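Reviewing the structure listed below.
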There are 2 protein chains.
Amino acid sequence: MIRLVIAEDQTMLRDALATLLSLENDIEIAGSAANGREALDLVRHHKPHVVLTDIEMPGLTGLELAAQIKRDGLETRTLIVTMFDRPGYLRRALEAGVSGYLLKDTPSTELADAVRRIAAGERVLAPGLAEQAWSAEDPLSDTERRLLRLAEAGMDSQAIADAEGLARGTVRNYLHNAISKLGAGNRIEAARLARERGWL
Amino acid sequence: MIRLVIAEDQTMLRDALATLLSLENDIEIAGSAANGREALDLVRHHKPHVVLTDIEMPGLTGLELAAQIKRDGLETRTLIVTMFDRPGYLRRALEAGVSGYLLKDTPSTELADAVRRIAAGERVLAPGLAEQAWSAEDPLSDTERRLLRLAEAGMDSQAIADAEGLARGTVRNYLHNAISKLGAGNRIEAARLARERGWL
DNA sequence: GATTGAAGATGACACCTGTCATGCGTGCGG
DNA sequence: CCGCACGCATGACAGGTGTCATCTTCAATC
């Protein structure tokens, strides 16, 4: 019997997946969580064989959840199920030590099978994503990424500088670096490109 | 027996919902589609009592699907299930003549009930969204909306002017109008605000 | 036919951005 | 210890942006 914890912030999908998987004879749902923090508590308490998790969740992302489970030294393996086929995400997922990475447009019939294979110690990757994973390294530094996110929200250089305790000119330097690394023409395009590639 | 067609572009959620709802004794899945065009074909062919559809789908959106069903004079009622609680969406949905509007973080247990009530001719709205619907009218003109979308992608005023056959100054005037209507500080913030409210 | 109003254009001004050269500390490997 | 990269800052310049007053068309309306 495979013990499974589900973490997914969309209630409807979470419920549906739980119902679906509980129909399998060899899978038992130990619990389901609407955010990463709850999921971590459930994993620590139930020590399931597999945790099936979304990436983008309030509080703690699925990637951070996976990393924390590793750090705790738990045996629980992580299966990421996400909407995004952005190259950067898969790379960061593998670095976080996940055992599987599927897209939300995988047929649900393959899901139970993926859970079984992961419980058995195999690695399951969405087909066609494997090579793409190492295609382009994320060129952004942490600071560039952080400032780009603020710029994306519409803050001007001065506002970003105030928020980050930097000088206005320094903010523009960082954004300039990000823009040129990404081959963009301005901060808006840079943010868009970075987001498309999963670097934001 | 309620005949139901499902339209949802995420395979996993589509499958899961179909499985879930087919467990109900009084509901029968006549078909499921991954985009609006397919859904329209299925509806025209099967004439189901209810079509459960996402909004954002490739090709034909759920709102356009609902409007087309009305135009065809079919009896099929539409139930929108979407991620977004943007006020503009609900307003446009009601204008398109839908019978129900639920969010994807509704518990899936309420879904079958919503389908039944819609089949019975009732109207089902996500709680708390009802009043919000008419809260803020979309203040943007079509041109402002179009130019704002281009600006959002990172194009500068000159590039937008070239693309739209306008003068650079005119583009800036339109964006200025959009910015001030939305109470934003610049075009980036304006685009973000408009998108959050469902006006883009 | 005169009036009104919307859509688009122009020009001017202050301010913001992108770019680049340069300077200053701090820490780290040789 | 020296050098040197790195993070951060400064100043300057060209070009982009936000704002506003004003003008021209052109179609709708009275």
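All values below come from the heavy atoms of this structure, side chains included, with hydrogens, waters and symmetry mates left out. These numbers come from a predicted model, not from an experiment. Each chain gets a letter, A, B and so on, in the order the sequences are listed, and its residues count up from 1.
Atom P of nucleotide D/dA9 and atom CD of A/Gln158 are separated by 12 Å, given to the nearest angstrom. Taking atom CZ of residue B/Arg168 and atom P of nucleotide C/dA9, one finds them 13 Å apart after rounding to whole Å.
Applying the salt bridge (charged side-chain N to carboxylate O under 4.0 Å, His left out) test to every pair with at least one member in residues 48-62 of chain A, sequence neighbours left out, gives these pairs: A/Asp54-A/Lys104. Under the salt bridge (charged side-chain N to carboxylate O under 4.0 Å, His left out) criterion, the residue pairs touching residues 161-171 of chain B are B/Arg146-B/Glu164, with sequence neighbours excluded. Sorted by first then second residue, the salt bridge (charged side-chain N to carboxylate O under 4.0 Å, His left out) pairs that include residues 33-51 of chain B, not counting sequence neighbours, are B/Arg44-B/Asp72.
At least one side-chain heavy atom of B/Tyr101 sits under 4.5 Å from a side-chain heavy atom of B/Thr82.
In the region residues 176-194 of chain B, proximity to DNA chain D at under 4.0 angstrom, judged on heavy atoms, holds for B/His176, B/Ile179, B/Asn186, B/Arg187. Residues of residues 142-152 of chain B having a heavy atom closer than 4.0 Å to DNA chain D: none are found.
Nearest nucleotide to the side chain of A/Thr170, out of D/dA9, C/dA9, D/dT17: D/dA9.
Side-chain N/O atoms of A/Ser157 include one lying less than 4.0 angstrom from OP1 or OP2 on C/dT17.
Put simply, the residue from A/Leu42, A/Val43, A/Leu74 that forms a side-chain contact (heavy atoms from CB on, under 4.5 Å) with A/Pro48 is A/Val43.
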Audit row: A/Glu152, A/Arg195, salt bridge (Lys or Arg N to Asp or Glu O under 4.0 Å) steps and yes/no: CA-CA 10 Å; A/Glu152 187 186 28; A/Arg195 192 159 286 286; 2.7 Å; yes
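Residue A/Leu175 is classed as having no contact, given no heavy-atom separation below 4.0 Å to the nucleic acid.
Surrounding CG of B/Asp26 are more than 12 heavy atoms belonging to other residues, nucleotides or ligands, all under 6.0 Å away.
Nearest-nucleotide mapping onto DNA chain C: of B/Ala167 and A/Asn173, the residue sitting toward the 5' end is B/Ala167.
The side-chain contact (heavy atoms from CB on, under 4.5 Å) search around B/Asn173 returns none, not counting sequence neighbours.
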